[in-house]
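Just so we're on the same page: letters track the sequence lines, and every chain starts at 1.
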Amino acid sequence: MTKPFDPSSLPAHFDAASAERRWDARWSEAGAYHWDDRRGRDETFVVDTPPPTVSGSLHMGHVFSYTHTDVLTRQRRMRGQNVFYPMGWDDNGLPTERRVQNFFHVKCDPTLPYEPELAIEPADEQRRKSERPRVVSRKNFIELCHRVTGEDEKAFEALFRRIGLSVDWRQTYATIDDRCRHIAQQSFLDLVEKGQLYNVEAPTMWDVDFQTAVAQAEVEDREKPGAFHDIEFAVEGGGSFVIATTRPELLPACVGVCAHPEDDRYKSYFGKRAVTPIFRAPVRIFASELADPKKGTGILMVCTFGDATDVSWWRSEKLPLRAIIRRDGTLRPVTFGSDEFPSLDPRRANEAYAELVGKGVTQARKLIVERLHDPASGATGEEHRGGERAPLMADPKPIQHPVKHYEKGERPLELVTTRQWFVRLLPDAARGEDNQARLLEKGREIRWWPEFMHTRYHNWTAGLNSDWCVSRQRYFGVPIPVWYPIDAHGVTDFDHPIYPTREELPVDPMSDAPRGFDEKMRGEPGGFVGDPDVFDTWFTSSLTPQISSHWGLDPERHAKLFPADIRPQSHEIIRTWAFYTIAKAMLHEGRVPWRNVVISGWILDPDRKKMSKSVGNVVTPMKLLEEYSADGVRYWAASARLGTDTAFDEKVLKVGKRLVTKLFNAGKYVLSQSAEGDVSPHAITHEIDRAFVWELRGLVEATSAAFAEFEYAQALMLTEQFFWSRLTDNYLELVKVRARGEAGDPDGRRSAVAALRLALDVLIRLFAPFVPFITEEIWSWSFAEERGTPFVHRAPWPSLAELAPIPSPASPDSFALGCALFAALNKKKTESGASVGRVVTSATIAANEALMPRIEPALGDVLAAAKVKSHTLVAREALGLDAGFVIETIEIAPKEAKAEEPLPS
RNA sequence: GGGCGAUUAACUCAGCGGUAGAGUGCCACCUUCACACGGUGGAAGUCGCAGGUUCAAGUCCUGCAUCGCCCACCA
């Protein structure tokens, strides 16, 4: 006799909150989710977990996408794979920098020496108001950063544990920690050695507020009001034309004028020189296919630098450089009449320019426009038309146009010439290599889920227009590990950087001296200077697979963990995180960083906007976890397919909670059934039970196939459907009488109990990746001991092989027919106004003749479940095979009689 | 301006070449001994619009519309 499970030992209701705490502790103690470093790469499933920005807040978006990954991960673990599921914290970047500054009321100055004993306490309002920020070294700043983010990390870990992420918590990192700095700097050295990294002084997109260079990926267009200014230029030798510009303040930086080669209006001017108004600089007029005859007046001024096209013309036409905008966005002093700034009338040019010096772009524009209204500003001289009319031909015409901004910045980006480090991404004919084409190829080697997300990567990569600028003029971040020698005359030689060795990493060139130099030689002739810049945060983030694999630090581990199997992420950072990670893996090792990218969609609020804190539509995860339980919340998350944006809907959470309750009760019920002798799957002898198992087999097959395609939502839906409609609504009801032994059939009883237990066993495992707490709870009641597997999450994923010993039913649809007849009887009862529980004294069941023999095996169970005392089966050929069963007459016993009536055997 | 996706019952979503599906909500009935966080039954959709391919189209193709996202050299 199976040991009878005593359901009375269980509480009447499932206490989710206490189960969540209990199981988290037990999994933790047992190391249930630990990666086994002894097993090889082929047995291992490696997750490249996205490191959340720890200074951000916790929201449902985290719960949503991290649950997706966890579901996939748990299923793989059950499939026997050695799962590597790490967690990182992204504390490298502006948000953290700001938090640290504010929290401790400090500022970082990388030139300061490290103070080992520095004690700084969190600042209060008082200190923030009355004192100036304390200035600290970069190393001290990083220490403070760890203190602030440590708290955030705890909050994130608590949430992630609460929702049951099966992370190996021994495998964690923070993007600013020693190992990450080491690996980022090592990446830099490796790229230098491979010739994929260079430093150059060149026009770069520049944020004038943050005063740092930015990369293409950090740039976004914003629709801003602007205005076309029609400005007349004179032509040397006579004539004039009008250009339309939105940036008249760049007039002093004008180095050329250009129109389309086929544009008849300007053809005759090509090769001549134009003369700019106000500053009277002679500039070349040239033809270019890039000029659009339909835009503005078809002819335009080229300035250093107004936009990226200016840069390409500057390069291709070998135009002079006349930079006027400084790093802070103001106009620098220049002298007209010099070689750099030629002018036909230097006196007036300088007079006009003098009032612009030190002004910002907006102010300068205003002043220039004022001057353009002045006829005296017009071109003058013998061969030109005199200044009889103002060069501004009309009032500015307001337009809305896209203007490039740093994604975190306020003011438009400028193109400023600075020295920066770049990673090669664009094709380089001189070097005979085409990284862009290789990147496109790598994108095709990776599988994207859903597939169409690959298009986003492809479009971005195909549209690259610059190499990756990786240096940032910030002070918090991973320092660029480079020094520059200073020659005897005190001139810094940027062309011969001094690099550290890999053994010396991580270094901070602002506080560490390069090998062979003494710290005293910093800044001295014959000495060195450190590069003050830090890396773009993506330079480090793009190494998450290598950070986890300890690339360059532990070759054996790296071989076991790289490349990863899945990179989960969201779609808006395909062009950054996914792209840069692919670029790094390709440049370092010629490989892809992972085999699959799985993209989660967004949570939208009911108005279909992305949920975000600023809009104030965020629901806090903890409140929902308390109300619907972790399993309930996970159910909601797992219901959404990959790549699909989903409106937040609390109804789905309710459904999840209901599922948990139903599982608890069904589990309790099934395990409380017992029978004499063997109730292992071998005891499943009854036709209906075998037909039911047959259907279960189909479920195992379908869900496994769905998981193989990362279609966890499909697997969940199928499992849920089976559990609810096949098991609890039908099978459980049909075999209740037999399982209690009231049918007087010991073999039948054993068969029913065995099938119930098997179904529960299989279903609990199929549900385990989705609702880990309730499934673990049920598993612990009986299966854990029986199987010698303490955790369902370490139990094998159900397989067809496991179900193979149970013989197939004589007819696979006998269970389905039983369900159909049961439903027909219930329907008739309901229509007759009786409850389903009422006893039926007699019923006439009609069906197609062909169905008669096939219903036979199920008849006993159905009549018992429907409490039918006597029945008549009649064949009705008029009923097609599809018509199923029709209850022609039914006689329902009076209410009082129901309990005492003996049931038919 | 280009690309990608979405548009199916009141709501949230499945289905993606063979007679419209689920859950929720709604209506009726049922205090049925695992579960009222339950059960049984029911009503509810011209599958965004217009063409086309096909014996057959939410399902494939072509336009269009609406919404969302990504991108684009800002004169």
Donor-acceptor pair present, A:Lys662 side chain and B:C35 base, under 3.5 Å: yes

N/O (side chain, A:Asn826) to phosphate O (OP1/OP2, B:G39) under 4.0 Å: no

Heavy-atom donor-acceptor pair, A:Thr661 side-chain to B:C37 base, under 3.5 Å: yes

Salt bridge (Lys or Arg N to Asp or Glu O under 4.0 Å) involving A:Arg284 - partner list, sequence neighbours excluded: A:Glu317

A:Phe822: partners by ring pair (Phe, Tyr, Trp, His ring centres under 6.0 Å), with sequence neighbours left out: none

side-chain N/O A:Lys295 vs B:C74 OP1/OP2, d < 4.0 Å: yes

Strand RNA chain B as a dot-bracket string - pairs counted if Watson-Crick or G-U with both distances under 3.5 Å, | where the partner lies in another strand: ((((((((.[[[[.)..(..]]]].(((((.......))))).....[[[[[..)....]]]]])))))))....

Could you give the side-chain donor-acceptor pairs of residues 657-665 of chain A under 3.5 Å, partners two or more places apart or in another chain?
{"unit_1": "A:Lys657", "atom_1": "NZ", "unit_2": "A:Glu627", "atom_2": "O", "d": "3.2"}
{"unit_1": "A:Thr661", "atom_1": "OG1", "unit_2": "A:Lys657", "atom_2": "O", "d": "3.2"}
{"unit_1": "A:Asn665", "atom_1": "ND2", "unit_2": "A:Thr661", "atom_2": "O", "d": "3.0"}

Salt bridge (charged side-chain N to carboxylate O under 4.0 Å, His left out) contacts in which one or both residues fall within residues 628-639 of chain A, not counting sequence neighbours: A:Asp70-A:Arg634

Sugar-phosphate only, base, or nothing, as touched by A:Lys736 at under 4.0 Å among non-hydrogen atoms: base

Phosphate-side-chain proximity, A:Arg575 and B:C70, N/O vs OP1/OP2 below 4.0 Å: no

Review item, nucleotides 14-17 of chain B N/O atoms under 3.5 Å of protein N/O:
{"unit_1": "B:A14", "atom_1": "OP1", "unit_2": "A:Arg641", "atom_2": "NE", "d": "2.6"}
{"unit_1": "B:A14", "atom_1": "OP1", "unit_2": "A:Arg641", "atom_2": "NH2", "d": "2.6"}

Non-neighbouring partners of A:Tyr269 that pass ring pair (Phe, Tyr, Trp, His ring centres under 6.0 Å), sequence neighbours left out: A:Phe241

Partners passing salt bridge (Lys or Arg N to Asp or Glu O under 4.0 Å) against A:Glu777 (at least two apart in sequence or in another chain): A:Arg22

B:G3 phosphate, OP1 or OP2, under 4.0 Å from A:Arg456 side-chain N/O: no

Under the ring pair (Phe, Tyr, Trp, His ring centres under 6.0 Å) test, residues paired with A:His229 that sit two or more places apart: none

Side chain to side chain contact (heavy atoms under 4.5 Å, CB included) involving A:Asp729 - partner list, sequence neighbours excluded: A:Trp724

Those residues that, when tested against A:Phe783, pass ring pair (Phe, Tyr, Trp, His ring centres under 6.0 Å) (two or more places apart): A:Trp779

Contact list (N/O, under 3.5 angstrom) for nucleotides 9-11 of chain B vs protein:
{"unit_1": "B:C11", "atom_1": "O2'", "unit_2": "A:Lys651", "atom_2": "NZ", "d": "2.9"}
{"unit_1": "B:C11", "atom_1": "O2", "unit_2": "A:Lys651", "atom_2": "NZ", "d": "2.7"}

